[in-house]
There are 2 protein chains.
Amino acid sequence: MSSSYHHGSLASALLDAAGEELSATGIEAFSLRSVAKRAGVSHGAPAHHFKGKNGLLTALAAAGYKELVDVQNEHQKTAKSEELAQLVASGIGYIDFAMKNPELFRLMFASSKPDRSDDDFSAASRAAFDKLVGEIRSILGADPYSDRAAMTQVMASWSMVHGLAELVISGRMEIPFGFSQLNQQDREAIFEDILVRALKRN
Amino acid sequence: MSSSYHHGSLASALLDAAGEELSATGIEAFSLRSVAKRAGVSHGAPAHHFKGKNGLLTALAAAGYKELVDVQNEHQKTAKSEELAQLVASGIGYIDFAMKNPELFRLMFASSKPDRSDDDFSAASRAAFDKLVGEIRSILGADPYSDRAAMTQVMASWSMVHGLAELVISGRMEIPFGFSQLNQQDREAIFEDILVRALKRN
DNA sequence: ACTTAATTCTAGACACTGTCAAGATATATG
DNA sequence: CATATATCTTGACAGTGTCTAGAATTAAGT
């Protein structure tokens, strides 16, 4: 191979390296120069593929939303087909994703670094949101986009699962439940017990 | 005044300056040197009062938990004395605090910068948690620290209010509700509608 | 009161960071 | 095959947090 000068697929290599960097050092110590070093290129190379550090993080977050939906779909495959069970499985997938990618999760939801006006980012995040909208529509038989009560149910369910995910990955389930010593079955039982409360019952 | 060399109360002055810096520039651009400049001292001065940048942020977060409880108590004063109404008022105070101090809120809950083993921090955050524990105890008549179902209720309520707060301050209530164009009364009606769902009913 | 110790603050250095500009190198185009 | 474009390197710049040495002020000890 005569040319190691032109990488060929630096963009995706940088995305991979950025993912590792994010998981390893956390978002608050995330360094663009370190990512470049990880990918074996100079510190100026990433500028030709992403709009600076935040541009790279934006792309990383966009990919995160797609991965989030994938994880949710995987959990739903092993659940009952009944609508409520599917919603719970979707929620547990949401939390599972957060637990496996806590720094990425924070980047996606609790950071101002990603550029939310970016097309990829907004499309991917919108797709994740619309997945929940569809699940609520199945349960209530009303379209949240035209039925305010149904949209309130969407936001209640999102609030519950998102808040629970945040509390889990920030270690706030330790004191109440000794969470890290529980097996997965017991954890999911707690998740389900909590998540179903978000549904309004009459 | 012959001496402007020794400040006299630099610690609290730095805390004030840090609060302004946090609100103005956000946590991700928070600069210790900028805080020192804001307080009118050299960039090395803060080291004599806090354990570096993270030490200052730890103290700021600890003060945030006390302020959080204060805001919750204020909201409860204007609410009915009935236990459920008090819990809802506490939750709305939680969200109100997050809306008025979004960067501080993120520092307290979604950042790894504060040192959670710090005595002040852990005491203040524990006090805020125990306030919720007390409210659930009043409603259920069972002590969450000895009744697992009651503790589950604590975490469900916390998840709901915390998730809702996160979604609000990250602008996720805009598309569903056009949130920024609502008046406070309509907003609080949505909050209450969502928050009460966290309670398990039989 | 006077000397000594401890605290508080400044100033400079160090290794980092992200971004920008200039130039070298490889690929694509005509 | 010459030219243009895309890609990558290198160096510079201002900014960051932290450390060290020393100056200025206050506190402590006798």
Side-chain angles (χ1 to χ4, degrees), chain A residues 1-61 103 106-107 111-115 118, chain B residues 1-61 103 106-107 111-115 118:
Chain A
M1 181 86 57
S2 64
S3 75
S4 67
Y5 199 96
H6 278 54
H7 186 284
S9 56
L10 226 198
S12 66
L14 283 171
L15 266 180
D16 292 347
E20 297 173 16
E21 170 87 356
L22 188 66
S23 300
T25 72
I27 183 180
E28 303 185 332
F30 183 93
S31 157
L32 181 57
R33 289 173 101 108
S34 174
V35 170
K37 189 171 294 181
R38 214 182 266 267
V41 292
S42 76
H43 67 265
H48 296 271
H49 299 276
F50 300 96
K51 294 175 188 166
K53 178 185 180 180
N54 284 4
L56 177 55
L57 290 173
T58 300
L60 206 58
E103 299 292 338
R106 288 251 167 87
L107 173 68
S111 172
S112 60
K113 290 184 188 299
D115 174 15
D118 175 81
Chain B
M1 181 89 55
S2 64
S3 74
S4 66
Y5 200 96
H6 280 53
H7 186 285
S9 56
L10 225 201
S12 65
L14 283 171
L15 265 181
D16 292 347
E20 297 172 16
E21 171 87 356
L22 188 66
S23 301
T25 71
I27 183 181
E28 302 185 334
F30 183 93
S31 157
L32 182 58
R33 289 171 102 108
S34 174
V35 170
K37 190 171 294 182
R38 214 181 265 268
V41 293
S42 76
H43 66 266
H48 295 272
H49 299 275
F50 300 95
K51 292 174 189 165
K53 179 184 179 179
N54 285 3
L56 178 54
L57 289 173
T58 300
L60 206 57
E103 299 291 339
R106 289 251 168 85
L107 173 69
S111 172
S112 60
K113 290 183 188 296
D115 174 16
D118 175 81

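Naming convention: chains lettered A, B, ... in sequence-line order (proteins, then strands); numbering from 1 in each chain. Predicted model, so just to flag it, every value in this text is computed and none were measured.
Axis angle, first five pairs versus last five pairs of the helix from C:dA1-D:dT30 to C:dG30-D:dC1: 10°, rounded to 10°.
Contact check for B:Asn54 versus B:Asp115: no side-chain heavy atoms found under the 4.5 Å cut-off.
Looking at every heavy atom in both residues, A:Leu15 comes nearest to A:Leu56 through CD2-CD1, 4.0 Å. Across every non-hydrogen atom of A:Leu32 and A:Gly52, the tightest pair is CD2-C, 4.3 Å. Scanning all heavy atoms of the two residues, the minimum distance from A:Phe30 to A:Ala18 falls at CE1-O, 3.5 Å. Looking at every heavy atom in both residues, B:Ser31 comes nearest to B:Glu21 through N-OE2, 3.2 Å. Contact between B:Ala36 and B:Leu14 at its shortest, heavy atoms only, is CA-CD2, 4.4 Å. In this structure, A:Pro46 and A:Ser42 approach most closely via the heavy-atom pair CD-O, 3.6 Å.
Counting to the nearest Å, the C1' atom of C:dG18 and the CD atom of B:Glu28 are 15 Å from each other. Distance, B:Phe30 CZ to D:dG17 C1': 12 Å, rounded to whole Å. In this structure, NZ of B:Lys37 is placed 13 Å from P of C:dA11, rounded to the nearest angstrom. Atom P of nucleotide C:dA6 and atom NE2 of B:His49 are separated by 18 Å, given to the nearest angstrom. For the pair A:Leu57 CG and C:dT17 C1', the interatomic distance rounds to 14 Å; values are reported in whole Å. Rounded to whole Å, the distance from CZ on A:Arg38 to P on C:dT17 is 12 Å.
With hydrogens and angles disregarded, no donor-acceptor distance shorter than 3.5 Å links the side chain of B:Glu103 to the backbone of B:Thr25.
Residue A:Ser31 has a polar side-chain atom (N or O) positioned under 4.0 Å from OP1 or OP2 of C:dG18.
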Can you tabulate the close N/O pairs, meaning under 3.5 Å, that link protein atoms to atoms of nucleotides 18-21 of chain D?
unit_1: D:dT18; atom_1: OP2; unit_2: B:Lys53; atom_2: N; d: 2.8
unit_1: D:dT18; atom_1: O4; unit_2: B:Arg33; atom_2: NH1; d: 3.2

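Distance CG/A:Leu10 to NE2/A:His48: 10.0 Å, rounded to 0.5 Å.
B:Ser42 comes within contact range of at least one nucleobase, with a heavy-atom separation under 4.0 Å.
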